[in-house]
Amino acid sequence: VWIFGYGSPGWRPGFEFTSRKVGFIRGYSRRFWQGDTFHRGSEKTPGRVVTLLEDCGACTWGVAYEVRGEQIAASLEYLNMREAVLGGYDTKLVKFHPQEKDAEEPILALVYIATPQNPSYLGPASEEDIAAQIIVSSGCAGHNIEYLLRLADFMRYFCPQAEDKHLFSIEEALISILPCLYYTEESLEET
């Protein structure tokens with residue numbers, strides 16, 4: 001079984017796997033439209049994590065993990081809790097295209113996608129509003145800022161040819177806001 005990760009599974013799958021391949025799926029765009037009240041946020045200040053939005057002309061880069069034998073049940077049990085129960089994601093089968101030049105046919109992979117019908121779905125917002133929400137959110141897996149920056153780093157290092165304007169615009173907005181927060185906190189300490 002192959003499992004496609006396009007968010008935190010890129011750097012922290014959380015399950016054992018046999019092999020991994022960087023590549024993409026077609027027909028979806030990655031968006032920070034899913035709320036998170038457990039891993040990267042709380043009930044009071046939900047974080048923002050990624051989901052996929054159907055988009056005919058788009059492709060989303062990430063990592064596909066191959067799980068075999070006993071790894072299958074363990075990884076699916078773990079992901080069902082992490083993504084479906086705690087996250088509000090549904091599962092779909094997609095065609096994954098490895099980035100390797102000599103790659104064979106696309107691989108069928110399982111992917112978790114949060115739909116607008118789940119209670120944690122936040123939907124669209126401006127890059128600045130998303131960045132502002134990310135800055136104030138933290139959960140049991142860490143700060144929401146870490147999630148955004150690690151995803152941006154993953155894309156830069158493993159998928160340099162990929163374009164993800166949404167992701168990098170939010171990162172830019174976050175970086176432009178952070179110096180203001182630092183300055184404001186410093187000013188408050190002096191008074």
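The chain is numbered in sequence order, starting from 1. Keep in mind it's a predicted model, so treat the numbers as computed, not measured. Values reported hereafter were calculated over all heavy atoms of this structure, with side chains retained and with hydrogens, waters and symmetry mates removed.
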Minimum side-chain heavy-atom gap [X]-[Y] below 4.5 Å:
X	Y	answer
Glu128	Ile170	no
Gln34	Ser120	yes
Cys140	His39	yes
Phe4	Pro9	no
Thr37	Lys44	no
Trp2	Lys21	yes

Give a yes or no on whether the backbone of [Y] and the side-chain of [X] come within a donor-acceptor separation of less than 3.5 Å.
X	Y	answer
Ser176	Ala173	yes
Arg30	Asp164	no
Arg40	His143	yes

Intermediate values then yes/no, salt bridge (charged side-chain N to carboxylate O under 4.0 Å, His left out), Glu66 and Arg68: CA-CA 7 Å; Glu66 180 185 24; Arg68 295 176 171 257; 2.7 Å; yes
Tyr65 six-ring face occupied by Arg12 cation (under 6.0 Å, within 45°):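 Cation-pi check for Arg12 and Tyr65: fails.
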Trp61 and Phe24 aromatic centres sub-6.0 Å: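 Under 6.0 Å, so yes.
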Whether [Y] and [X] form a salt bridge (side-chain N of Lys/Arg under 4.0 Å from carboxylate O of Asp/Glu) is what I want to check.
X	Y	value
Arg156	Asp153	yes
Glu54	Lys92	yes
Arg48	Asp36	no

Parallel, tilted or perpendicular: rings of Trp33 and Tyr121 (30°, 60°):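 Taking Trp33 first and then Tyr121, their aromatic rings stand perpendicular (interplane angle over 60°).
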Parallel, tilted or perpendicular: rings of Tyr147 and Phe32 (30°, 60°):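 Because their plane-to-plane angle is over 60°, the rings of Phe32 and Tyr147 count as perpendicular.
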Side chain to side chain contact (heavy atoms under 4.5 Å, CB included) between Val49 and Tyr89, intermediate numbers included: CA-CA 11 Å; Val49 293; Tyr89 291 73; 3.5 Å; yes
side-chain contact (heavy atoms from CB on, under 4.5 Å) partner of Val111, the single match among Ile3, Leu52, Thr91: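 Single pass found, and it is Leu52.
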Closest heavy-atom pair and its distance - Leu167, Ala152: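 Leu167 and Ala152 have their closest heavy atoms at CD2-CA, 3.9 Å.
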For Asp55, salt bridge (charged side-chain N to carboxylate O under 4.0 Å, His left out) partners two or more places apart: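 Expected list: none.
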Cluster check Leu108, Val67: I/L/V/M/F/W/Y, side chain < 4.5 angstrom: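 Per the 4.5 Å side-chain linkage, Leu108 and Val67 are not co-clustered.
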Residue pair Gln133 / Asn144, side-chain donor-acceptor N/O under 3.5 Å: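 On atom types as modelled, these side chains do not qualify, holding no pair under 3.5 Å.
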Polar side chain donor-acceptor pair, Gln71 to Thr18, under 3.5 angstrom: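 Looking only at side-chain atoms, Thr18 and Gln71 do form a donor-acceptor pair, the distance falling under 3.5 Å.
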All side-chain contact (heavy atoms from CB on, under 4.5 Å) counterparts of Leu149, not counting sequence neighbours: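 For Leu149 the side-chain contact (heavy atoms from CB on, under 4.5 Å) partners, ignoring immediate neighbours, are Ile145, Glu171, Leu174.
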Derivation and outcome, side-chain hydrogen bond (donor to acceptor under 3.5 Å, both in side chains), residues Arg82 and Ser8: CA-CA 11 Å; Arg82 173 176 160 174; Ser8 56; 2.7 Å; yes
CA sep, side-chain torsions, deciding dist, call: Trp11, Val63, side chain to side chain contact (heavy atoms under 4.5 Å, CB included): CA-CA 9 Å; Trp11 66 88; Val63 182; over 6 Å; no
Heavy-atom neighbours of Gln161 CD exceed 12 at 6.0 Å: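 Yes, because the 6.0 Å sphere around CD of Gln161 holds more than 12 heavy atoms from other groups.
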